[in-house]
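Here's the structure, in structure tokens; my notes come after.
Just so you know, ligand 1 is whichever comes first in the structure, and atom 1 is the first atom listed for that ligand. Every value quoted in this text rests on a predicted model; they were computed, and no experiment measured them.
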Amino acid sequence: MNQARIKRVTEQMRRQGLTQILVTSTASIYYLTGFWVEPHERMLALYLDEDGRAVLYGNAIFGLPSTSELPVITHSDGEDPVGHLAAAVRPGALGIDKFWYSKFLIGLLSHRSDVTPVHGSDPVDLCRKCKDDMERAAMCHSSSINDQVMASAISALREGVRENELASLVNRAFLARGADCEGTQLVCFGPNGADPHHSGDGTVLQPGDSVIFDIFTPIGRYWCDMTRTIFYRSAGEKQRQVYELVRRANEAAEKAVRPGILLSELDSIARKIITDGGYGPQFTHRLGHSCGMECHEPPDVSDASHVPLESGMVFSIEPGIYLPGEFGVRIEDLILVTETGYEVLNHYPKDLQIIG
Ligand SMILES: [Mn+2]
């Protein structure tokens with residue numbers, strides 16, 4: 001149990017008037033207990049009250065040891081997964097983690113009509129938002145690996161290569177450098193780049209294609225996430241203009257990062273540059289997302305996210321322009337907010353690059 005983190009979470013609970021919460025996200029349970037369990041469809045929930053009393057409820061198959069600091073109460077397959085939990089929670093408001101399966105929540109409520117479920121993720125999410133020294137070091141390390149993997153991916157561009165070959169090359173390069181697992185890497189040639197979430201398929205590289213590499217993976221539990229767009233053999237006038245616009249938006253938003261400014265202001269800075277350049281409607285998504293033990297964490301970096309920056313926050317700045325039927329450009333770095341400003345965790349260059 002990480003008692004320092006539990007203390008910070010219970011302080012947040014008091015501030016929000018919550019006396020009991022269920023922490024169910026794998027990363028949040030790990031953050032507080034040191035146990036990393038991916039329960040899939042089975043039940044795992046950490047009950048935490050305002051005094052820091054914690055009990056872990058979960059399927060016996062997870063093999064979690066019960067200790068005096070953290071009692072573990074198990075159920076077996078076939079038993080009611082929320083039976084023990086339902087018997088233990090107090091009447092009144094109960095904070096529920098945002099992605100807890102409705103089958104468990106509805107099961108719990110069917111036992112306990114005196115319990116009122118309320119949003120309960122904030123106390124942990126607000127603590128996870130600002131990374132401590134160990135977490136900052138882990139994220140710097142992950143992103144330095146990402147710089148290396150980006151370089152090998154870009155140097156592998158050649159006549160006849162397919163998107164999915166490069167995606168698997170990226171995964172192998174990550175694994176060789178200590179990645180925890182493989183991911184669905186985004187590699188997009190030419191018109192495929194106009195879909196922000198296109199993932200590598202059998203498309204073959206053509207001369208004149210833009211190439212988007214949006215590559216990410218957890219290393220030592222902490223994610224990296226970087227995007228570069230480069231051009232194969234040649235870049236036309238429109239491709240160059242769009243590229244420079246996105247690069248300016250990325251760099252202007254990054255330069256504005258400092259404690260106190262709002263995430264929504266960063267979004268506005270980048271969006272204004274792209275809008276003034278004539279491509280506002282083609283910048284179809286938020287500017288970025290926070291990142292840590294999950295690739296996408298709250299808070300997001302959008303015009304609706306009026307959250308002031310604090311030292312220790314890590315988030316992406318990833319403006320893009322998407323032109324259906326033509327091409328797309330996105331440039332993404334992870335940024336760490338420091339006491340006085342910021343540190344860009346990615347160092348792969350952003351100058352317009354034509355390969356081959
Ligand atoms: Mn991202």
With carbon and hydrogen excluded and only N/O/S kept, which atom of Glu332 is nearest the Mn ion (ligand 1)?
OE2

Same cluster (ILVMFWY, side-chain, under 4.5 Å), Leu263 and Ile317:
yes

Carboxylate-amine/guanidinium proximity below 4.0 Å for Asp49 and Arg90
yes

Of all N, O or S atoms in Glu318, which has the smallest distance to the Mn ion (ligand 1)?
OE2

Derivation of the salt bridge (Lys or Arg N to Asp or Glu O under 4.0 Å) call for Asp51 and Arg53:
CA-CA 6 Å; Asp51 300 318; Arg53 196 178 64 92; over 6 Å; no

Between Tyr322 and His285, does a ring-ring contact (aromatic ring centres under 6.0 Å, His included) hold up when you go through it step by step?
CA-CA 10 Å; Tyr322 306 95; His285 54 70; 5.3 Å; yes

Of all N/O/S atoms in Asp225, the name of the one nearest the Mn ion (ligand 1)
OD2

Contact flag His289/the Mn ion (ligand 1), N/O/S atoms, threshold under 2.8 Å
yes

